[in-house]
Structure formats: C-alpha cells, structure tokens
Amino acid sequence: MTVRTRFAPSPTGFLHIGGARTALFSWAYARKHAGQFILRIEDTDVARSTPEAVQAILDGMSWLGLDWDEGPFYQMQRMDRYKDVISKLLNEGKAYYCYSTKEELETLREQQMAEGKKPRYDGRWRPEAGKELPVVPTEIPPVIRFKNPLSGNVVWDDLVKGQISISNEELDDLIIARADGTPTYNFCVVVDDWEMGITQVIRGDDHVNNTPRQINLLHALGAKIPQYAHLSMILGDDGQKLSKRHGAVSVMQYDEDGYLPEAVLNYLARLGWSHGDDEIFSTEQFCQWFDLDHITPSAAQFNTEKLNWLNAHYIKQADLTSLAKDIIKRLALKGVEVDEQIDIQAVIALYRDRANTLNQLADSIAYFYQTPELDQAALEKHITPEIVPVMQGLFQQLESLEWTVENLHVAIEHAVVSNGLKFPKVAMPLRVMVTGGAQSPSIDAVMALLGKDKVLERMQTFIA
RNA sequence: GUCCCCAUCGUCUAGAGGCCUAGGACACCUCCCUUUCACGGAGGCGACCGGGGUUCGAAUCCCCGUGGGGACGCCA
C-alpha cells in the first residue's frame, strides 16, 4: 500500500517551528516511501481562521521547500460531505441530538472537578434501550454527539510512543456538530483522514488524547484505522513551552533573521530524530534516512546556538552568486547601496567564515560601502601618537602602489621592518583606520578589495 | 483532581541485556595555527532521576516513588 501522509494545520496563525517540524517529518516520510504528502487546511473554526494565516503557512512551507502532492484542501469546502456522514451516523443510531446548554455543562464540569473526577459529559441525552429521555426543549438548538462505546479499551501501537491504551470509560460522547450545524475538529479529521486514505497520521502529541475518540469514530464508520505517530513538543530555548505569547515565532522570522532554509531544516531534523552520530546532512539525505523508529518520545528544547553553528556551516558551503544576491538585498534593507566597483563575491568569500547569520554577514561587510563606525576603544588602543608618523610613511608608499594583495603586504612589511616594529604594531592601527574596528580578515586582503581611493581617504582622516 | 505520556552531559542526542571505565554534536575551557577577530586543528570539563526487583550481567526489562509535560472545549 502506498504511503499517504498529511499536514493539517489550522490557519489561526503563522507556521511556527513545531508545526514546521511536524510538516517536515510527514513530508519526509512520504518522500522516503515514494508516497504522497497531502496538505489540508483545518479551518472549521470560522471565528479564528484567516486567509492571512493560510498564506503565512503556505509561505513557510515553500520557504522550507516542503511541497505537497495533493491539496491544499480546505475543510470548509467539504461541509456537504461531513453533513452526509453525520446524517448517516444519526440514521444508524450512532449519534444523537443533545440539548444540554453550555451553562448546564459548565456546572456539570465544575461539580465533577470538585468531586475529584475527570470532567465529562454524563450522557443525559444519550438514547438507550428502556431509558426515558428528558423532554425536548423547543428553544434550544441541539448539538450532535457521537455514541462512544461505554466499555472496553482503545489500544493502538503508536509509532513513536509504543502501545497506548485508554479506557472508554475515560471518554465521553464527543460533540461532532455544533448547534449551528458545523462539524467539529475531531469529526472532520476522521472523515478526511479516512476519505483521503491517510496511512500514517504524524502529528503533535497534544493529539494523543484525541486518538481514541477518533479511532472509535473510524470504527463506527467502518473505516480502516491508520497508523499514528505522535511527536513530542519542542520547548523554547529557555525550556519553557512555546506559545503565542512566549517564544513561538514564525519560520519566516528565521528567514528575516538571516538563517538559510537548509540550516533550519537540518536543525529541525535533528530535533527529536537521529541517524547515529550524523549531524550535518542534506535534505535529500534526510529523506533517504528518515524513519519513525528513531524519533525520541520525549520533548526537545530548542537551541539557537546549535542552529547558529549549522547556519554558519551552510553559509560557508553556499553558492557565492546566490549568497551575494541575498546579501545585497539585506544591505539594501539597511539602506546600504553596494558599489559595483567592489567585487562583492570576493568580499563575501573573505567574510563568510565568520558569520552565523546572513544578517551578521551583511553587517560585517557594510563598511565596504559606507564610512565605518569607529570603535573608540580600538582607536585609543592602536592609533597612538607614536604610530602616526609610521602610518604617514606608509600612506606615501601606498599612493604610488600598484594595488594588489602581494604589493600591499610588501608595503606593510616594509613599514614594519624599517621602523623596527612587530607586524601587529602596524597592521592594527591600519585595520582601525580602514575598517573602523580591531577585527577583520587579513588587512592586506581587505585593502585590496576596498580599493586604493577608499583606503587612502580613510587613512587620511587619521594622519592629516 | 482524573487520565495519558515522558525521564542519558547545560542543550540536541547514540544506546534495542554484555561492544559502556556510556559515544557524537552544540556550548564552555586549554593549547596549536595566526596580522587582530574569526575559521580550522588537537585536547579537556561534563550525564544514565531515586529505590526495589528480574538476570551470571541492566543506561537498556518489570514495579514503586519523584520530577516534568500533555489532555480533560459547541479550539484545532
């Protein structure tokens, strides 16, 4: 049987890191088994679903390169189908109308909690042989509930967590249609997973408790039960749960912050999944290796440091042409316009080894195009009164120099030797004058790329 | 409260009874390279939650405890 997996986000916000990993694992599983990956938008919560959120999710998926074979399907467009199934259930006596009000149920819940019991619907409207039901109120629009089995256990072999067993006595008759007639999440999921032929349901483990209800529904519909794989959650950098108000950010934020999608993908892959000691691997390699046996059942804490390390790695590997395009864009965003006279690919090649993010890389080379900000401490430490004459001498040499790295090196070396100094004694002040700070790649290489005019102009302001 | 799940270095993880005096990676520390800072290279620090079993032998299996998390919606 061909593998069919799905990613089924609800469009109530952006695609965050947890959702992205779920999508990645579902996608990779389908790819690994040459199956299909389906995208389904669960938008039955009309009040909270927005088209902007749908777009945000699609953007996140495409940035990460997660493509789907079918969909996106929208549950709101499948209403007729759900209603058919509900009336079938009603006709077969597997579902029933319930006229309890929200207030009534709230009271019941509080009472049960107070008694130390698990809050659950007590089945007051559930029809049973020989049972007398309350008088149907005319003014209350009813919800429709599923007749959950009263006894026995629901057991499944979770592909991540192993065997999970939940007693039906813990479950109540869940609402499958609201008072306004719209079907609810647990019901739509069941119908969709069934009709879309999903073979492996890979999702967050906050759904573990929904699984037995869904399995019971599937049984009632005479559907085949898919396999389930429940992924544990991703915690924030601080070990706290991610939520809208705490730490959860859109995957697109990583784009903005200067992370490469392949780095994020690689990082996410290793969060909760492993392939021996392998740390760095391509998405293609991941698809070949991925399996559900090596997923950790426990929660994982996000670690930005490690993401940075991976990102730095991918920056070092990146194609220079596309890297340059990206960096030019980022510089423009900062209001820095690049000068065509300077070979930006060469500059990036010189700087890429020292950046964790593309933004850092852009920041670090901005001084090629605009007057650098001067590091006061570096200035005071390196540009001493004694060194100024030395720099004046060097300046004169440079004025008539044929501008190559080799010649520049020789010129600096000459200033060092003729003044009886150590190399850094000359290189450091020069570095501060040219770059504004005390850290840079080899100063001769930097000067070569920056060009004679800019170098002399910058030196001038310090030795005049 | 009730039910379900989880538990190896600070973090991500390897580990399917002997290969484990527990391996790798990030971070951290030291040294090397060096024109500063990085990069890179070589080392180092650092963990099986506790208690009982089972077994010749347990990080690995079982039970209890502890701790953490999740669920308990006419949200998904």
Side-chain angles (χ1 to χ4, degrees), chain A residues 8-12 42-45 47-49 75 98 100-102 105-106 109 112-120 141-145 158 160-162 164-167 169-172 174-180 182-186 188-189 203-212 230 232-233 235 237 239 241 267 270-280 293-294 296-310 312 316 351-355 364 378 382 409 412-413 416 422-428 430-432 435 437-445:
Chain A
S10 64
T12 54
E42 311 220 316
D43 54 357
T44 53
D45 184 354
R48 293 198 295 160
S49 297
Q75 291 188 322
C98 166
S100 295
T101 61
K102 288 183 184 178
L105 294 172
E106 186 51 41
R109 250 195 296 277
Q112 287 166 329
M113 288 283 255
E115 286 168 22
K117 285 192 267 189
K118 183 171 182 159
R120 52 199 285 282
V143 298
I144 298 169
R145 288 185 186 269
D158 196 277
V160 172
K161 293 177 186 283
I164 298 178
S165 168
I166 293 173
S167 167
E169 287 167 31
E170 293 297 325
L171 273 25
D172 60 5
L174 77 153
I175 292 170
I176 57 177
R178 303 180 178 91
D180 66 5
T182 59
T184 57
Y185 164 76
N186 272 300
C188 297
V189 168
R203 72 210 325 185
D205 74 355
D206 46 332
H207 289 289
V208 166
N209 294 275
N210 289 325
T211 306
H230 286 102
S232 51
M233 46 187 292
L235 273 19
D237 247 330
K241 186 193 170 179
Y267 179 72
R270 280 291 287 106
L271 210 51
W273 175 83
S274 62
H275 185 266
D277 288 337
D278 294 304
E279 294 287 350
I280 294 176
D293 303 333
H294 291 83
T296 318
S298 53
Q301 188 171 318
F302 195 88
N303 185 222
T304 305
E305 302 273 13
K306 189 162 179 180
L307 205 214
N308 285 344
W309 167 71
L310 272 169
K316 282 175 210 142
Y351 268 90
R352 72 198 314 193
D353 284 358
R354 45 190 70 219
S364 68
H382 298 292
H409 188 81
I412 298 167
E413 194 70 54
V416 169
K422 298 264 189 203
F423 199 99
K425 263 293 184 214
V426 177
M428 287 312 292
L430 192 53
R431 178 170 277 122
V432 176
T435 74
Q439 293 105 40
S440 85
S442 292
I443 192 59
D444 41 18

Novice: Considering only heavy atoms and no angle criterion, is a donor-acceptor pair shorter than 3.5 Å present between the side chain of A:Asp277 and the base of B:G23?
Specialist: yes

Novice: Sort out the partner of B:C49 for me: Watson-Crick or G-U wobble, both distances under 3.5 Å, none otherwise.
Specialist: B:G65

Novice: NA contact type, A:Thr211, heavy-atom cut-off 4.0 Å: base, sugar-phosphate, or nothing?
Specialist: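 Answer is nothing: A:Thr211 stays at 4.0 Å or more from every strand.
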
Novice: Mapping A:Lys241 and A:Lys161 to their closest nucleotides on RNA chain B, which lands nearer the 5' end?
Specialist: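 Of the two residues, A:Lys161 wins.
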
Novice: When you check the phosphate oxygens OP1 and OP2 of B:G73, does a side-chain N or O of A:Arg109 lie under 4.0 Å from one of them?
Specialist: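 So the side-chain polar atoms of A:Arg109 do come within 4.0 Å of the phosphate oxygens OP1 or OP2 of B:G73, strictly under.
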
Novice: If pairing requires Watson-Crick or G-U wobble contacts with both distances under 3.5 Å, which nucleotide is the partner of B:A25?
Specialist: B:U11

Novice: My understanding is that a pair needs two contacts under 3.5 Å, Watson-Crick or G-U wobble. By that rule, which nucleotide pairs with B:A38?
Specialist: none

Novice: Which part of the nucleic acid does A:Ala179 contact within heavy-atom distance under 4.0 Å: base, sugar-phosphate only, or nothing?
Specialist: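 If one applies the 4.0 Å heavy-atom cut-off, A:Ala179 turns out to touch a base.
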
Novice: What is the nucleic acid contact for A:Val208, judged by heavy atoms within less than 4.0 Å: base, sugar-phosphate only, or nothing?
Specialist: sugar-phosphate

Novice: Looking at the base of B:U2, is there any donor atom on it, or on the side chain of A:Arg120, that sits under 3.5 Å from an acceptor on the other one?
Specialist: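 No pair found.
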
Novice: Indicate, with a heavy-atom threshold strictly under 4.0 Å, whether A:Asp353 touches base, sugar-phosphate, or nothing.
Specialist: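 Since only primed, P, OP1 and OP2 atoms lie under 4.0 Å of A:Asp353, the category is sugar-phosphate.
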
Novice: Assign A:Ser442 to base, sugar-phosphate, or nothing according to its heavy-atom contacts below 4.0 angstrom with the strands shown.
Specialist: base

Novice: Would you mind classifying the nucleic acid contact of A:Pro119 as base, sugar-phosphate or nothing, using non-hydrogen atoms under 4.0 angstrom?
Specialist: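 Counting heavy atoms under 4.0 Å across all strands, the contact made by A:Pro119 includes a base.
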
Novice: I want to check something: taking the side chain as every heavy atom from C-beta on, are A:Asp45 and A:Ser10 in contact at a cut-off of under 4.5 Å?
Specialist: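 With C-beta onward as the side chain, the pair stays apart.
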
Novice: Tell me whether the OP1 or OP2 atom of B:A76 has a side-chain N or O from A:Thr44 closer than 4.0 Å.
Specialist: yes

Novice: What is the base-pairing partner of B:U2, counting Watson-Crick and G-U wobble geometry with both distances under 3.5 Å?
Specialist: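 Paired with B:U2, as far as the under-3.5 Å criterion goes, is B:A71.
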
Novice: Flag the pair A:Tyr267 / A:Asn303 as yes when at least one side-chain heavy-atom distance between them is below 4.5 Å, and no otherwise.
Specialist: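 The answer is yes; the side chains approach within 4.5 Å.
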
Novice: Can you work out whether A:Ile443 or A:Asp205 has the more 5'-proximal nearest nucleotide on RNA chain B?
Specialist: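 This one resolves to A:Ile443.
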
Novice: Between the side chains of A:Thr184 and A:Asn186, is a donor N or O closer than 3.5 angstrom to an acceptor N or O?
Specialist: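 Note: A:Thr184 and A:Asn186 side chains miss the donor-acceptor criterion.
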
Novice: Could you check whether atom NZ of A:Lys117 has more than 12 heavy atoms from other residues, nucleotides or ligands sitting under 6.0 Å from it?
Specialist: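 Counting neighbours around NZ of A:Lys117, 12 or fewer heavy atoms of other residues, nucleotides or ligands fall under 6.0 Å, so no.
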
Novice: Between A:His275 and B:A14, is there a contact of a side-chain N or O with OP1 or OP2 at under 4.0 Å?
Specialist: no

Novice: In whole angstrom, give me the gap between the C1' atoms of B:A47 and B:U13.
Specialist: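 One C1' to the other, the span is 12 Å.
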
Novice: Output the single nucleotide from B:G73, B:G24, B:U13 whose closest atom is nearest the side chain of A:Ser274.
Specialist: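 Side chain of A:Ser274 sits closest to B:U13.
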
Novice: Remember a base hit wins even if backbone is also touched, and classify A:Glu305 as base, sugar-phosphate or nothing at under 4.0 Å, heavy atoms.
Specialist: sugar-phosphate

Novice: Looking across every strand, which nucleic acid part, if any, lies under 4.0 Å from A:Pro441 by heavy atom: base, sugar-phosphate, or nothing?
Specialist: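 Counting heavy atoms under 4.0 Å across all strands, the contact made by A:Pro441 includes a base.
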
Novice: Parallel, tilted or perpendicular for A:Phe423 and A:His409, by the 30°/60° rule?
Specialist: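 A:Phe423 vs A:His409 ring planes: parallel.
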
